[in-house]
There are 2 protein chains.
Amino acid sequence: MTQTHGLDVVADLFAGRPAPVAASTAERVVDVLRGYLIEGRIVPGTRLSEEAFAAAMSVSRNTLREAFRILAHEKLLVHEMNRGVFVRELTADDVTSIYQFRTMLETSALAQTERHTQAQKSKIRLAVTEGLSAAEAEDWRGLGTANMHFHLAIAGLAGNRRLDATMSQLLAEQRLAFHVMTPLKDFHDPYLTDNVTICELIESGDVEEAARHLRAYLDRACAQMVRAFEATS
Amino acid sequence: MTQTHGLDVVADLFAGRPAPVAASTAERVVDVLRGYLIEGRIVPGTRLSEEAFAAAMSVSRNTLREAFRILAHEKLLVHEMNRGVFVRELTADDVTSIYQFRTMLETSALAQTERHTQAQKSKIRLAVTEGLSAAEAEDWRGLGTANMHFHLAIAGLAGNRRLDATMSQLLAEQRLAFHVMTPLKDFHDPYLTDNVTICELIESGDVEEAARHLRAYLDRACAQMVRAFEATS
DNA sequence: GTAGCGCGGATCGCTCAACAAATCACCCGT
DNA sequence: ACGGGTGATTTGTTGAGCGATCCGCGCTAC
């Protein structure tokens, strides 16, 4: 980095840019595919043919395999030797495991009050209002993502990049199971009021009670999801 | 799965097997490379030439690239577009971030007393004795891995596979920084007595005090590491 | 009928060779 | 010393190819 400017004016110009849209082809493929997976556009369990997908995305088989390897590492795909890659199918155990881990992360983040910043707290509030307006517009998919933002913001209270990363990955993984939750309204809507309560508790400084509430909330959500899950299997 | 056997006799035959040594070539490469990286045999910052490594490990460039992608995803390598992959160089911030996260995970696991099993607790004790005998034999590298096993066992108290996975990954990542800690004795030895104390506290059922002790311990270790870190840079 | 067997056909795992594009190292003129 | 051009090196990606493995199907034997 050449130190030509006293203040880094140039850096500011590019600061708010939406990331160069994934430079490499493989990463672009990963992003697209990940989008499909967490939106449930490909049913869990289906095999992803290398040839077919390579053709569909106009990339070589080699590049596609790089992408597959990454997504398998993110646990969105399963790689079975000499058989191919499949969209991950979550079991009921996976769901409880994910929720258990989430509970640990989120309550832990909540407990680190000395790290909480005003910026993070306002992100929580933002996610809540996002959810409220999505509900008002009866945009249930939007309500789902708002809910995700809420929990990411909670985890963000710890101010730890690594925690944020694992949290997003957990949520992505969890989304694989959302296709069994139909209609989405029934799943997300009841928790909106919980989000409001928790947000207010945090703002009022009573993180203890917020954590208790959150824990109960997550237990309930987990139980509901497991129930819906075992009903279909 | 064909249901030929009433009791699954066959499964037992293969139960204790040391995993088929990574079936695919790419995974084998990943394992070997990961071994090198966490042992510090390749200095952080060095570029890993595709051609050279492909030749050295007798695999094609394409397969090697798959391996590189995975290791980059594990944050052991850094991939820079059109420049190549480099062994990750941790910053002091990384170290504190890792320790902060570890603290959250380990104390969280410790707090979930209702999930603690006797099997897990004995694993902790095992790691402690492993460390004691390593210290007696003046095997400082062995003491390091014993210490790792200790913390993995603590995290294992939560009984959550995902937590275990992120914990191992964190420890692997942290190991990238161990090469600055020379001699290893001075870094690991002081903490052996702490391990003993914490183990006893857990066995006596006083997880509260164990958590406090652990937290202080990790803070100290982090500070020491950061100090050693900034001394070299 | 059904359990075992063998035989393609499809797909994966991996390699090799090639080429465009980007980066790097070096030299040059100023 | 500094900016700029130029060729060498390395990466990004592709395409073809081949052995290995798995799957489905039909055959046979009991």
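Below, each value reflects all heavy atoms present in this structure, side chains not excepted, and no hydrogens, waters or symmetry copies. Below, read A as the first sequence line, B as the second, and so on, with proteins coming before strands; counting in each chain starts at 1. These numbers were taken from a predicted model, which means no experiment stands behind them.
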Under-4.0 Å salt bridge between A:Glu39 and A:Arg175
no

Any N/O donor-acceptor pair, A:Arg83 side-chain to C:dG13 base, under 3.5 Å
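Counting by modelled atom types and ignoring angles, no donor-acceptor contact under 3.5 Å is found here.
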
Determine, using ring centers only, whether A:His151 and A:Tyr217 are less than 6.0 Å apart.
yes

Side chain of [X] (C-beta onward), nearest among [options]:
X	options	value
A:Arg61	D:dT11, D:dT14, D:dG17	D:dG17
B:Thr25	C:dT15, C:dC14, D:dG12	C:dC14
A:Arg47	C:dC16, C:dC12, D:dG12	C:dC12
A:Arg65	D:dG12, D:dT13, C:dG13	C:dG13
A:Asn62	C:dC12, C:dA18, D:dA16	D:dA16

Taking for each residue the nucleotide of DNA chain D with the nearest heavy atom, is it B:Val85 or A:Met81 whose nucleotide lies nearer the 5' end?
B:Val85

Result for 5'-nearest mapping on DNA chain D, choosing between A:Ala26 and A:Asn82, is A:Ala26

Please report, rounded to the nearest Å, how far the [atom2] atom of [N] is from the [atom1] atom of [X].
X	N	atom1	atom2	answer
A:Phe53	C:dC12	CZ	P	11 Å
A:Glu51	D:dT14	CD	P	15 Å
A:Glu66	C:dT15	CD	P	14 Å
B:Glu80	C:dC24	CD	C1'	14 Å
A:Glu50	D:dA16	CD	P	16 Å
B:Phe68	D:dT10	CZ	P	14 Å
A:Leu64	C:dG13	CG	C1'	14 Å

Looking only at heavy atoms, the pair that brings A:Met225 and A:Ala177 closest together is CE-CB, 3.6 Å

List the atom of A:Thr145, the atom of A:Glu130, and the distance in Å for their closest heavy-atom pair.
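Closest approach of A:Thr145 to A:Glu130: OG1-OE2, 4.0 Å.
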
Under 4.0 angstrom between B:His79 side-chain N/O and D:dG12 OP1 or OP2:
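Yes, B:His79 has a side-chain N/O under 4.0 Å of OP1/OP2 on D:dG12.
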
OP1 or OP2 of C:dT15 under 4.0 Å from side-chain N/O of B:Thr63:
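So the side chain of B:Thr63 is within the cut-off, an N or O lying under 4.0 Å from OP1 or OP2 of C:dT15.
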
Neighbour count above 12 (heavy atom, 6.0 Å) for B:Lys123 NZ:
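Result for NZ/B:Lys123: open.
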
